[in-house]
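Each chain gets a letter, A, B and so on, in the order its sequence line appears, and its residues count up from 1. Fair warning: this is a prediction, and the values are worked out from it, not measured in the lab.
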Amino acid sequence: MTKKEKRVEQITSRDVDFSQWYTDIVVKAELISYSPVRGCMILRPYGFAIWERLQAEFDRMLKATGHENVAMPLFIPESLLQKEKDHVEGFAPEVAWVTQGGDEVLSERLVIRPTSETLFCAHYAETIESWRDLPKLYNQWCSVVRWEKSTRPFLRTTEFFWQEGHTAHADEAEAREETLRILNMYEDLYRDVMAIPVIKGRKSDKEKFAGARETYTVEAMMHDGKALQAATSHYFGDGFAKAFDITFTDRNNELKYVHQTSWGISTRSIGGLIMVHGDDDGLRLPPRIAPVQIVIVPVAMHKPGVLDAAHALKESLSDYRVKIDDTDKMPGWKFAEHEMKGVPLRLEIGPRDIENNACLAVRRDTGEKQVLPLDNIAEAAGRLLEAIHSSMLSEATELLNKSQYEAADWVTFTDLIAGKPGFVHAYWCGSEDCEAKVKDETQATSRCLVETDKLDGRTCVVCGEPANHLVIWGKAY
RNA sequence: CGAGGUGUAGCGCAGUUGGCUAGCGCGCUUGCUUUGGGAGCAAGAUGUCGGGGGUUCGAGUCCCUUCACCUCGACCA
C-alpha cells in the first residue's frame, strides 16, 4: 500500500458512498463527536469555530440593519404554545416535555422550545403599545429542541443551534419587505461567506412553516444533487398577532394588530458547507468562513531559523486567521491533516525557502502549488484567498446550473427525478393532490415556487390542468 | 416509527466446536534519531468484552432482555 492510497483510505470516497463520506468527514475533521444523548452532537472546537464564524458574519449583517439581540427562556408553558392553532399542530408531535422539577410534578407542563414564536409574541403583546414602539426587530442566537425520529450530524439533530429573528411591524408592506430583506441577506451570506449559490423561492402551502402565511426559502444543491433547505424567512401576517392580542395604537389613534415575520438559519448550514465543497481528501472551507484561513507548516523545524521564519511569516499575515502547526508530527502528516480540515491555504516554509526568501503556497481547492516571495506575502496571500473563494463559488454554481432540468410531462418528469440527481423545473396547478402524488411516486418534494412570467399555456406536470406555478422539485435532506 | 446492521483499549478490528493470564494494528507516554506528502528504533501504559438476567464446572463466544449508534425508508430546520 502506498502512502498516497493510505491517505484517502481514512475517508470513504465521495462517489462510492456519499452518506458514509459525510459521516467520515464530520468525525475525522473533528467537527463533532457523538454524545451520550440520542440525536445530539457535541460541537468540538473546530466545528463550533465554523459556527462562530457564521454567527459573526450574520450578526454583523443583522446589526447593520437595525436588529437587536435578546435571549428568551428555554421553556414554554403548554398553554402558551397552544395559543396559535396551526403552530401547535405543526410542532406538537416533536416537542420535548418537562413534567417535573426536582421531585415535584409541575402543575403545568413546560415544553423545551422547538422555536420561540410564542415567547416573542407574548412578550410583544406586553411591550408594544404605540406605533412609536414599532418596528421591533429582535433576534436571538440559541439552541432549540425537536424530537426527531432520525437524526444526522448537522443536517437533523435533536438539539440544534440557530438564530431566530422575530419582528413586528405596523403594516403588511413593511413586514413583507422585512421578510424578503432577510431572505436576500441569507442569499448574500451563503454566496459571499460560504461560497454557496442558492435558489430563492416560496414554499408551497404543504411545505410552509406552521402558522405562517408565507414561507420563503433559500435552497442549495449538494454535491449528490439533493436539495438542502438552507434558511427560511416567514411572513406571518397578523395571525399570531390576533392569537396573542398584539395590538398598538396607530397615528390615527386606531387600535391595530401588528404584522410579523420570523426567520432562521441553523447549524444545518455547516452540513451544506460540507456537502457542497468537500472532496475525497476531506473538508474544503471557503476562506471567509474558515476558522483558520492559512496554516503555516514549518519543514525541518528543528533546524536553526525555521521556526523563527515561520513566526515572522505569521506576523506579516496578521490580517488573516493564521495558525502555525509546530507540533512534532511529520510534515506530510500535517499536510493531510489540514487538508482534511479544509484549511484554504497552506504555506510551507523550510531551509530551502528561507534561503530563497520565499515560501511554498498550496491551495486546498485545487491542490495547486506555487512559490511566493516573502516580500509582499500578505498581499499575495490575500489575492490567493480571494481567488479560492471565487473559484469555489464558480465550481458550486456550475454544479447547480448543470444539475437542473425541465420537464413538461409526467414521464419526462419521473425519468429525470429517478435518473438525474438534481432539480427539475416543472409547472404545477397548485393542488395538494398533485403535490402529494409527486412525493409518493418519486420521493421528490416541491422545494420552492419561483417567479415566472411564462405561465400562459403551461399545464401541470402531474394532472395536465392549467398551471399556476413554476416549481423546483427535488429530493431533499 | 418500520426494515437492516454494528457494539471487545482512544480509534479500527481479530478472537475457531464455549476452555487457561483477552489479542493485533494505529494512536497515546518517555527517550534518541528524523522532517519538502501520514518517519525509524527502543521501552512503556491503557479493557465493567454496551448494560442486566440466564444456561454451564467454565461465557467475549450460547439463550433471553435492554440500551446506544449507524444505514435505508415514513415524518421534519
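For the pair Arg268(A) and Phe160(A), the NZ or CZ position fails the cation-pi test of under 6.0 Å to the six-membered ring centre and within 45 degrees of the ring normal. Cation-pi check for Lys136(A) over Tyr124(A) is not met; the charged atom does not lie both under 6.0 angstrom from the ring centroid and within 45 degrees of its normal.
Nearest to the side-chain atoms of Thr157(A) among the listed nucleotides rC76(B), rG37(B), rA77(B) stands rA77(B). Nearest to the side-chain atoms of Lys329(A) among the listed nucleotides rC1(B), rG27(B), rG37(B) stands rG27(B). With distances taken from any side-chain atom of Arg156(A) to the nucleotides rC75(B), rG37(B), rC76(B), the minimum falls on rC76(B). The side chain of Arg268(A) sits closest to rA77(B) out of rA77(B), rG36(B), rA74(B). Closest to the side chain of Val299(A), from the set rA74(B), rA77(B), rG36(B), is rG36(B). Of the candidate nucleotides rU35(B), rG37(B), rA77(B), rU35(B) has the atom lying nearest to any side-chain atom of Met330(A).
In this structure, Thr167(A) OG1 and Phe236(A) CZ are separated by 9.0 Å, a value rounded to the nearest 0.5 Å. Note: Trp51(A) CH2 to Ile289(A) CD1 = 9.0 Å, rounded to the nearest 0.5 Å.
rU48(B) and rA59(B) have their C1' atoms separated by 15 Å, with the value rounded to a whole Å. The separation of rC24(B) from rG37(B), taken at their P atoms, amounts to 32 Å, rounded to a whole angstrom. Across rC11(B) and rG51(B), the matching P atoms stand 15 Å from one another, rounded to whole Å. Separating the C1' atom of rA14(B) from that of rG23(B) is a span of 7 Å, rounded to the nearest Å. rC1(B) and rU46(B): their P atoms are spaced 42 Å apart (whole Å). Rounded to a whole angstrom, the distance from the P atom of rA42(B) to that of rC26(B) is 12 Å. Taking the P atoms as reference points, rG58(B) lies 38 Å from rC70(B), given to the whole Å. Nucleotides rA3(B) and rU65(B), compared at atom P, are 14 Å apart to the nearest Å.
Annotation for Val292(A) and Val343(A): closest pair O-CG1, 3.5 Å, computed over non-hydrogen atoms.
In the model, His234(A) has a side-chain atom that pairs as donor or acceptor with a side-chain atom of Thr215(A) under 3.5 Å. For the 3.5 Å distance criterion, the side chains of His67(A) and Glu178(A) qualify, holding a donor opposite an acceptor. Checking Glu214(A) against Thr179(A) by side-chain atom types alone, no donor-acceptor pair falls below 3.5 Å. Using modelled atom types and a 3.5 Å distance limit, the side chains of Glu164(A) and Ser116(A) yield a donor-acceptor pair. Side chains of Ser143(A) and Glu159(A): a donor-acceptor N/O pair is present below 3.5 angstrom, by distance only.
In summary, Glu57(A) and Arg53(A) engage in a salt bridge, as defined by a charged side-chain N under 4.0 Å from a carboxylate O.
Base engagement by Leu360(A) is indicated by at least one non-hydrogen atom pair under 4.0 Å involving a base atom. If you check every strand for non-hydrogen atoms under 4.0 Å, Glu94(A) touches sugar and phosphate atoms only. In this structure, Gly350(A) reaches the bases: a heavy-atom distance under 4.0 Å links it to at least one base atom across the strands shown. Residue Asp353(A) is classed as a base contact, given a heavy-atom separation below 4.0 Å to a base. Using a 4.0 Å heavy-atom criterion, one finds that Pro351(A) contacts the bases of the nucleic acid, with or without backbone contacts as well.
Taking atom OH of residue Tyr477(A) and atom C1' of nucleotide rG73(B), one finds them 14 Å apart after rounding to whole Å. Following rounding to the nearest Å, Leu155(A) (CG) and rA77(B) (P) show an atom-to-atom distance of 14 Å. Rounded to whole Å, atom P of rG10(B) lies 15 Å from atom CZ of Arg44(A). Atom C1' of nucleotide rG36(B) and atom CG of Leu347(A) are separated by 14 Å, given to the nearest angstrom. Rounding to whole angstrom units, CD1 of residue Ile270(A) and C1' of rA77(B) are separated by 14 Å. For the pair His87(A) NE2 and rA77(B) C1', the computed distance is 13 Å after rounding to whole Å.
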Assign a letter to each nucleotide of nucleotides 66-72 of chain B from its 5' end: B, base within under 4.0 Å of a protein heavy atom; S, sugar-phosphate only; -, no contact.
-> ---SSSS
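Remark: Lys439(A) is in phosphate contact with rC75(B), judged by side-chain N or O atoms under 4.0 Å from OP1 or OP2.
Checking Ala230(A) against Met301(A), the closest nucleotide of RNA chain B that is more toward the 5' end is the one next to Met301(A). If you find the closest nucleotide of RNA chain B to Ala476(A) and to Cys359(A), the one lying nearer the 5' end belongs to Cys359(A).
Checked by distance alone, Gln443(A) brings no side-chain donor or acceptor within 3.5 Å of a matching partner on the base of rG73(B). Judged by atom type and distance alone, Lys334(A) does not reach the base of rG36(B) through any side-chain donor-acceptor pair under 3.5 Å.
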Secondary-structure notation, RNA chain B, from Watson-Crick and G-U pairs under 3.5 angstrom (| other strand) | (((((((..((((.....[...)))).((((((.....)))))).....(((((..]....))))))))))))....
